[in-house]
Amino acid sequence: MEIRSELKYSKEHEWIKVEGNKAYVGITDYAQHALGDIVFVELPEQDSEIAAGDSFGVIESVKAASDVYSPVSGTVVEVNEELADEPQKLNESPYEKWIAAIELSDTAELDGLMDAESYEKFCAEEA
Amino acid sequence: MKQTQLYENHCILGGKIIDFGGWALPVQYKGIIEEHENVRSAAGLFDVSHMGEITVKGPNATEFIQRLVTNDISGMVTGQILYSPMCYPDGGVVDDLLIYKHSQEDYFLVVNASNTDKDFQWLIDNNTVGAEITNVSEQYAQLALQGPKAESILQKLTKTNLQEIKFYHFMADVDLDGTKALVSRTGYTGEDGFEVYLNPSDAPDFWNKLLAVGAVDGLMAVGLGARDTLRFEAALPLYGQEISQDISPLEAGLGMFVKLDKADFIGKEALVQQKQAGLTRKLVGFEMVDRGIPRSHYDIQVNGVKVGFVTTGSFAPTVKKNLGLAIVDLQYAQVDTEIDIIIRNKPVKAKVIKKPFLTKNYKK
């Protein structure tokens with residue numbers, strides 16, 4: 001499983017990349033592998049307000065639909081429309097294809113996320 | 001969970017094992033879409049050993065089966081197979097099954113894994129003629145080899161000319177490179193192929209051998225996830241979805257397998273009445289018009305009113321569209337009718353289309 005050292009991670013297997021006051025969110029290699037072939041993405045709503053832990057999108061694999069949970073609170077300022085037409089990109093390049101960008105309302109929440117080393121341990125324990 | 005003899009084989013191949021109605025079986029190895037496409041372009045090997053097998057023997061075997069199933073077995077020859085629903089008195093379905101005829105006094109029934117115990121009990125409870133009914137499920141492992149290359153691959157392992165096994169026919173005691181097996185030209189994918197019934201203790205080595213000789217032809221192990229998408233594209237019914245205790249074979253479009261002019265069978269009266277009164281609802285195929293994936297049990301509405309429900313829905317890998325099968329009220333069953341599939345509480349546009357969704361490639 002690929003894990004990138006510069007990112008932060010949530011317990012729901014999302015990665016977070018912080019750029020200033022914005023956080024780009026995607027799913028990890030572990031997540032795309034567990035989901036199997038992804039055939040549909042319901043993107044978060046542009047400009048919606050979300051709280052950490054809220055479901056803000058859906059990823060559907062062949063067999064099932066799975067909620068995507070926001071690891072942080074804030075406003076959805078960008079969504080990756082490319083995923084609407086090419087959902088399989090999440091399997092192919094999980095760390096390149098972010099799902100949404102969230103303008104953070106509480107940067108302190110980032111402290112509650114895991115770094116790469118902790119996430120690696122977390123994944124090993126899940127297996 | 002129960003395991004088939006091939007559990008270790010699946011683990012070694014990296015199969016993602018899940019709980020399939022109490023059985024530990026692989027939903028996929030490399031990926032559902034890749035496996036699905038491989039069956040249509042080359043060949044796939046499935047472990048379906050969880051299926052149930054029941055023998056019916058004795059001088060009254062034919063009469064017994066004829067009274068329990070909707071199809072007409074009277075014209076069957078030795079070595080032939082018939083598909084049939086088996087109904088309750090009210091016309092609902094107990095199960096759908098394959099009936100293999102060895103002789104007038106010797107039949108081999110193959111039933112859905114999840115219904116094996118129920119079917120066996122149903123046969124016992126309705127045995128008014130002293131037929132000898134035995135649940136032999138534990139005596140058989142079953143593999144399905146499906147796809148355009150299936151015959152040429154299996155032919156490498158036997159001197160028996162497989163072209164002599166015609167569609168919906170079988171040969172018992174085929175020598176497959178030293179392994180004895182019953183081989184039928186049947187399957188659940190819409191492709192040409194075979195189902196192989198063998199001794200469970202022979203299964204692990206035979207599975208490995210078949211994958212090895214077929215590798216050069218592109219043979220791949222295929223899980224139950226692709227088995228479902230393959231049969232769905234071919235619009236083959238799955239018990240519990242397209243047919244059930246609450247959905248009659250007539251509603252499910254299986255009238256071809258319901259012989260209302262044969263002598264009395266369980267459910268005949270109800271089905272005759274249903275046919276005479278006219279169906280109030282039926283099974284249709286549909287495709288999504290707006291973005292969304294339909295799934296089993298999702299409601300279907302027209303103008304905000306419920307008119308039916310999805311029986312099976314999925315992304316279809318060969319057709320490359322989001323498609324579904326559904327039971328809808330009769331007035332909405334015409335091709336091109338616009339319907340709404342309720343996905344996560346929102347109506348998403350779809351329309352009724354013809355089924356099956358692709359042409360089957362059976363070698364008839």
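Letters A, B, ... mirror the listed sequences (proteins, then strands); counts begin at 1. Every value quoted in this text rests on a predicted model; they were computed, and no experiment measured them.
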In B:I32, B:I33, B:N322, the residue satisfying side chain to side chain contact (heavy atoms under 4.5 Å, CB included) with A:V39 is B:I33
| query | Between B:R291 and A:V41, is there a donor-acceptor pair closer than 3.5 Å when you use the side chain of the first and the backbone of the second? | reply | yes
CD (A:E42) and CD1 (B:I293) are apart, to the nearest 0.5 Å, by 10.5 Å
Distance col, row A:E60:CD vs B:R344:CZ, nearest 0.5 angstrom, shows 4.5 Å
Of B:G225, B:P317, B:G292, the largest count of non-hydrogen pairs under 4.5 angstrom with chain A goes to B:G292
Cut-off 4.5 Å, heavy atoms of chain B, and the answer for A:A84 is both
Is atom [atom1] of [X] surrounded by more than 12 heavy atoms (other residues, nucleotides or ligands) closer than 6.0 Å?
X: B:K360; atom1: NZ; result: yes
X: B:N303; atom1: CG; result: no
X: B:K355; atom1: NZ; result: yes
X: A:E117; atom1: CD; result: no
X: A:E82; atom1: CD; result: yes
X: A:E92; atom1: CD; result: yes

Check: Can you find a pair of side-chain heavy atoms, one from B:E34 and one from A:D37, that are under 4.5 Å apart?
Finding: no
When the 4.5 angstrom heavy-atom criterion is applied to B:R295 and chain A, the contacting part is side chain
